[in-house]
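No experiment lies behind these values; they were computed from the predicted model shown.
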Amino acid sequence: RPFSSRRRTVAHEAFVSLLARDGRTRTPRLRAVSNVGADSWLLAYEQLDGTSLDSVPPEDFDDALLGEIWDQIGPLVNAAYDNQTSYFEDLPVLMDRHGYPEQTYFTFSYSGIEGDNGKVEGMFCVCLETTAAYNANRRRSSENERLQRMFAQSPGFMAMLRGPSHVFEMANDAYLRLIGWRDVIGRTLADAVPEALVQGFGKLLDEVYATQVPFVGEALRYDAARVP
């Protein structure tokens, strides 16, 4: 990649690193910077995973090489040359990098670069592969959904509250049945279940929240108001 000055070289690296940080991914590491004359600098990066274009035999270099990718990317390239900027986050792209179809994800932007005559003469692309981060997020979401199902189906009554005001974030069916199926999510304990405060449970929650010390009660009496 040629750059006209060292300043632009550093600015480019900072820009790409910022995008990588925001996208929770990493970019190829910079291996070398070399002056190639007339205030022009060349950056060399580590090789990306997959097949590089310079390793493809000339007889195999045809439109089929890009396969299904060009069906997705081609219109964006054409739009960039029409001076239209495109941005996509976690775009699914089916790639053949290791001899088999592989579902990958990329966050990237395409924008046109105007020449001295004011017309678009090139294209600037910032591209980050987010496959690993995307798949990790899907696994976490799946695990969270599984835990939420277990929470909801637990035979004992359970509720999860947040903050010093004890705002309900989750409540399973057994707990909702106990309090007469009231709509408590997003409401404070004092507002949604005031009888709990009258019976001293609010003070117990205040103490646990302030000290971070668990409280375990056995055979405690609780007078449930099934009809608020």
Quiz prompt | Heavy-atom check, side chain of Asp82 versus side chain of Val120, under 4.5 Å | solution = no
Donor-acceptor pairs are to be reported for all side-chain atoms of residues 169-177 against protein atoms at under 3.5 Å, with residues two or more places apart or in another chain.
from: Glu169; atom 1: OE2; to: Arg162; atom 2: NE; distance (Å): 2.6
from: Asn172; atom 1: OD1; to: Met158; atom 2: N; distance (Å): 2.9
from: Asn172; atom 1: OD1; to: Tyr175; atom 2: N; distance (Å): 3.0
from: Asn172; atom 1: ND2; to: Ser154; atom 2: O; distance (Å): 3.3
from: Asn172; atom 1: ND2; to: Gly156; atom 2: O; distance (Å): 2.7

Practice problem: Find out if a path of hydrophobic residues (ILVMFWY) with successive side-chain heavy-atom gaps under 4.5 Å connects Val167 to Val184. | Solution: no
Quiz prompt | Close side-chain approach of Leu197 and Lys203, heavy atoms under 4.5 Å | solution = no
Quiz item: Once you round to the nearest 0.5 Å, how far does OG of Ser86 lie from CG of Leu91?
Solution: 10.5 Å
Exercise. Check whether Val198 and Leu178 end up in the same hydrophobic cluster, where Ile, Leu, Val, Met, Phe, Trp and Tyr are linked by side-chain heavy atoms less than 4.5 Å apart.
Key: no
Practice problem: Please say which of Asp90, Val93, Thr104 ends up in a side-chain contact (heavy atoms from CB on, under 4.5 Å) with Thr131. | Solution: Thr104
Self-check item: Validation row: Phe201, Leu204 side chains within 4.5 angstrom (heavy atoms)
Solution: yes
Quiz item: Got Gln103 and Leu94 here, is their nearest side-chain heavy-atom distance under 4.5 Å?
Solution: yes
Quiz item: Just by distance, do the side chain of Gln212 and the backbone of Tyr209 share a donor-acceptor pair under 3.5 Å?
Solution: yes
Quiz item: With side chains defined as the heavy atoms from C-beta onward, is the minimum distance between Arg149 and Phe151 less than 4.5 Å?
Solution: no
Self-check item: Stepwise side-chain contact (heavy atoms from CB on, under 4.5 Å) test for Thr107 and Glu129
Solution: CA-CA 6 Å; Thr107 292; Glu129 181 173 2; over 6 Å; no
Practice problem: Establish whether Val193 and Phe215 are linked, either directly or via other cluster members, by ILVMFWY side-chain heavy-atom contacts under 4.5 Å. | Solution: yes
Quiz item: Distance only, no hydrogens: is a donor on one side chain within 3.5 Å (strictly under) of an acceptor on the other, for Asn83 and Glu114?
Solution: yes
Practice problem: Working to the nearest 0.5 Å, report the span between CZ of Phe88 and CZ of Phe106. | Solution: 14.5 Å
Self-check item: Leu220-Val213 co-clustered via ILVMFWY side chain contacts under 4.5 Å
Solution: no
Practice problem: Hey, could you give me the CD/CZ distance between Glu143 and Arg138, rounded to the nearest 0.5 Å? | Solution: 14.5 Å
Quiz prompt | Shortest non-hydrogen contact from Gly202 toward Leu189 | solution = CA-CD2, 4.3 Å
Self-check item: In one Ile/Leu/Val/Met/Phe/Trp/Tyr side-chain cluster, 4.5 Å: Tyr87, Tyr134
Solution: no
Practice problem: First locate atom CG of Asp191, then atom CZ of Phe168, and finally report the distance between them rounded to the nearest 0.5 Å. | Solution: 10.0 Å
Exercise. May I ask you to decide if Ala224's main-chain N or O and Glu195's side chain share a donor-acceptor pair within less than 3.5 Å?
Key: no
Quiz item: Rounded to the nearest 0.5 Å, what separation is found between the CE atom of Met150 and the CD atom of Glu145?
Solution: 14.0 Å
Quiz prompt | Residue pair Tyr110 / Ala80: nearest heavy atoms and the distance that separates them | solution = CB-CB, 4.2 Å
Quiz item: Roughly how far, to the nearest 0.5 Å, is OH of Tyr105 from CG of Asn137?
Solution: 11.5 Å
Quiz item: Taking the side chain as C-beta and beyond, is there a heavy-atom pair between Leu205 and Glu207 under 4.5 Å?
Solution: no
Exercise. Please answer whether the main-chain N or O of Ile179 pairs with a side-chain N or O of Arg182 as donor and acceptor at a distance below 3.5 Å.
Key: yes
